[in-house]
Amino acid sequence: MGTLLKCYKPLFLVQLSPIPNSARTIRLGTHRFFAFCKPNIRCLTSSSSSQPLVNETIRSNSDAPKPPESPWSSSELWLHNTMSRKKEAFKPKVEGKVGMYVCGVTAYDLSHIGHARVYVTFDVLYRYLTHLGYQVCYVRNFTDVDDKIIARANELREDPITLSRRYCEEFNQDMTYLQCLPPSVEPRVSDHMPQILDMIKQIIDNGYAYVVEGDVYFSVDKFPEYGRLSGRKLEDNRAGERVAVDSRKQNPADFALWKSAKEGEPFWDSPWGPGRPGWHIECSAMSAAYLGYTFDIHGGGMDLVFPHHENEIAQSCAACKQTNISYWIHNGFVTIDSEKMSKSLGNFFTIRQVIDLYHPLALRLFLLSTHYRSAVNYSDVQLESASERIFYIYQTLHDCEDVLRQHDESTQKDSIPPDIVDGINNFYNVFVASMSDDLHTPVVLAALSDPLKTINDLLHTRKGKKQDLRIESLAALEKKIKNVLSILGLMPASYSEILQQLMEKALKRAKLTEIQILQKIEERTFARKNKEYEKSDAIRKDLAAVGIALMDSPAGTTWRPAVPLALQEQQVART
């Protein structure tokens, strides 16, 4: 029999820092989150206020400062709402505050790049909302109690909770590699049994669930609005989507809120006997615990629309009639040969596999190069293109930084030429319009081309070097580009370090060392001196074939990463 896991200890050990209300935070374990992320599991009755406690808390903070005025706050943010199937202007329930819940991973293995896309997408949304001046409580959970976890733990002869804890840590490491900001709080199922049990009791008491031999099932027939998010019918809730086939159900589409204990599995005590929660109930309970029953944004991958988010809506509404989530946001799949990437299909690449050969920020750029709601097709040529592009961005900014470092800021003038002002304004107008139009990151990335080209002209062309207020122009352009890259999560700690890392990844893909490349450059230089141009061209072409581009200048020959010629030719052949 598995170890009896109980969760009777207090959920929160909360300490308020002795600092002003304007900067007050709550600390929970290693996480830092805003004070308005206040636990609240009880549904307020009709005799009390119809708003959750979290919103009452916000309103009571009359001394709390308003969010800082953003220079672009006048641009209205529009987000595509899966519920309404259209873009809607974003209006938070409480002015200046945003509550956002994103479904996290089921932690039983290393995460794949489909997961990376989900959390990069919502990291950008988190960053942009913060940039607009909102105080965001971002909750992202871990599922650490689940059939898949138990099956994997049995394979490895390991305790399920221990195994899941290890993969939670691996996931967080992946998020660090991808420069995803940590959420305000990351709740785990195993730490929230009291909240889950409390919600199940409410659902039963309200007549939406029934008990069969220690199992608790939600009755979808009791919830007429079931299917409104996905637009699907009950019969579409088929087996294979974590919907168990069970003849004891009143309707085959009924789903488990509580599963009775089986030998060898972890379990908790409950009023219906020992067992563990179903998959869907955890998110309803944890989102209510941190954000209340009514909050702004609930997100996840498109595969969660049905049945997971559909079931969440049914459960939450059954527990509390005042349940209301304003915006349901879902990102598209990562595909391979137009088929969804998933562990169940076995056609996936883990984040670790990809970043072994490509820099994590190249992967992030690749994911942001397609609109988040569209499918993005994974391929080596796409990753190579992203690597080449991001190298160009950072090389340009590195060169700019080197020049600026040589000039004293105190001697610089406040004005810059009108054409530079116009260029910066045009770039920012595109940035604001695109990000406010449902996070259209591909347009923003494309818009980087003009200011980067201007920087390169000022740095390297004869005309650019002679331009009036050249240094002031470079400083203004770099500042604006850095601002945008930071909001996209693409700003590195050091240009020189990431350029070196990008070159090391390119060498690994090419299966060459830098010493070997320098020897090839020397051979080519010698061949050119001897007018052996055929040999010189062959050396350049051989290196280009494996993704190493040679760059000639009066100072000598250098190299940089590039898309391998073989992949370019394959891409041309396909198109």
Side-chain angles (χ1 to χ4, degrees), residues 67 70-93 95-103 114-134 136-138 140 178 180-181 183 228-231 295-306 309 324-335 340 364-377 386 426-449 483-490:
S70 166
W72 306 322
S73 59
S74 60
S75 177
E76 196 168 33
L77 173 62
W78 290 71
L79 297 171
H80 186 274
N81 191 344
T82 305
M83 182 67 77
S84 65
R85 293 163 181 76
K86 64 182 181 182
K87 282 188 283 191
E88 298 176 1
F90 179 71
K91 298 186 184 303
K93 294 182 180 297
E95 185 178 356
K97 313 284 187 180
V98 176
M100 180 169 76
Y101 186 93
V102 176
C103 292
H115 296 127
R117 190 178 196 202
V118 178
Y119 304 114
V120 166
T121 293
F122 288 97
D123 180 65
V124 170
L125 178 56
Y126 181 30
R127 287 170 180 268
Y128 192 58
L129 288 168
T130 302
H131 164 74
L132 292 176
Y134 291 108
V136 185
C137 181
Y138 175 16
R140 185 182 70 204
L178 290 169
C180 290
L181 298 172
R228 62 176 176 161
L229 178 69
S230 62
F295 56 93
D296 301 297
I297 296 170
H298 197 314
M302 194 177 293
D303 55 329
L304 298 184
V305 174
F306 191 92
H309 287 166
N324 181 266
I325 297 168
S326 300
Y327 305 88
W328 290 85
I329 299 176
H330 298 91
N331 66 274
F333 298 129
V334 176
T335 60
K340 175 198 167 189
R364 186 177 177 107
L365 182 76
F366 160 71
L367 294 171
L368 295 179
S369 296
T370 300
H371 188 261
Y372 78 90
R373 289 196 300 111
S374 300
V376 55
N377 200 43
N426 289 338
F427 170 55
Y428 261 46
N429 288 339
V430 171
F431 168 77
V432 173
S434 302
M435 291 297 288
S436 295
D437 182 15
D438 200 27
L439 306 180
H440 223 304
T441 54
V443 178
V444 177
L445 292 173
L448 280 168
S449 297
N483 194 340
V484 169
L485 290 178
S486 294
I487 295 166
L488 296 177
L490 290 170

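The figures that follow rest on heavy atoms only: side chains count, while hydrogens, waters and symmetry mates do not. What you are looking at is a predicted structure, and each value in this text was computed from that prediction instead of being measured.
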Checklist outcome for this item: Rounded to the nearest 0.5 angstrom, the CZ-CG distance for Phe333 and Asp303 is 5.0 Å
Item to check | Over-ring placement of Arg140 relative to Tyr119, 6.0 Å and 45° cut-offs | outcome: yes
Item to check | Leu178 side chain near Leu367 side chain, heavy-atom distance below 4.5 Å | outcome: no
Checklist entry - Cys180 and side chain to side chain contact (heavy atoms under 4.5 Å, CB included): which partner among Thr121, Val124, Val120? => result Val120
Item to check | Any donor-acceptor pair under 3.5 Å from Arg364 side chain to Leu488 backbone | outcome: yes
Checklist entry - Could you state the interatomic distance from CG (Leu125) to CE (Met435), rounded to the nearest 0.5 Å? => result 8.5 Å
Next on the checklist: Please give me the minimum heavy-atom distance between Ser434 and Val443, naming the atom from each residue.
Outcome noted: OG-CG1, 3.1 Å
Checklist entry - Taking His80 as the fixed residue, which of Asp438, Leu439, Asp437, Ile329 is the one that meets the side chain to side chain contact (heavy atoms under 4.5 Å, CB included) rule? => result Asp438
Checklist entry - With side chains defined as the heavy atoms from C-beta onward, is the minimum distance between Leu129 and Leu77 less than 4.5 Å? => result yes
Checklist entry - Minimum heavy-atom separation for Val334 to Gly114, with atom names? => result CG2-CA, 3.9 Å
Checklist entry - Once you round to the nearest 0.5 Å, how far does CG of Leu79 lie from NZ of Lys86? => result 14.0 Å
Checklist entry - Heavy atoms, side chains only, cut-off 4.5 Å: are Val102 and Tyr138 in contact? => result yes
Item to check | Beyond-backbone contact of Ile487 with Phe431, side-chain heavy atoms, under 4.5 angstrom | outcome: yes
Next on the checklist: Looking at Gly99, is its backbone amide N or carbonyl O close enough to the side chain of Asp296 to form a donor-acceptor pair, meaning the two atoms are under 3.5 Å apart?
Outcome noted: yes
Item to check | Side chain Asn81, main chain Trp328, donor-acceptor under 3.5 Å | outcome: yes
Checklist entry - Looking only at heavy atoms, what is the nearest atom pair of Phe427 and Val444, with distance? => result CE1-O, 4.4 Å
Next on the checklist: Quick check: do Phe122 and Asn331 have side-chain heavy atoms less than 4.5 Å from each other?
Outcome noted: yes
Item to check | Pair Tyr128 + Phe90: ring centers closer than 6.0 Å | outcome: no
Item to check | Atom of His309, atom of Cys103 and distance for their closest heavy-atom approach | outcome: NE2-SG, 3.2 Å
Next on the checklist: Could you report the tightest heavy-atom contact between Gly332 and Arg117, atom names first, then the distance?
Outcome noted: O-NH1, 3.1 Å
Item to check | Derivation and outcome, side chain to side chain contact (heavy atoms under 4.5 Å, CB included), residues Phe295 and Ile325 | outcome: CA-CA 5 Å; Phe295 56 93; Ile325 297 168; 3.5 Å; yes
Next on the checklist: For a quick test of reading the model, state the closest non-hydrogen atom pair linking Lys91 to Glu76 and the distance between them.
Outcome noted: NZ-OE2, 3.2 Å
Item to check | Arg127 CZ to Ser486 OG distance, which is reported to the nearest 0.5 Å | outcome: 7.5 Å
Item to check | Spatial distance of atom NE2 (His330) from atom CG (Leu229) [nearest 0.5 Å] | outcome: 5.5 Å
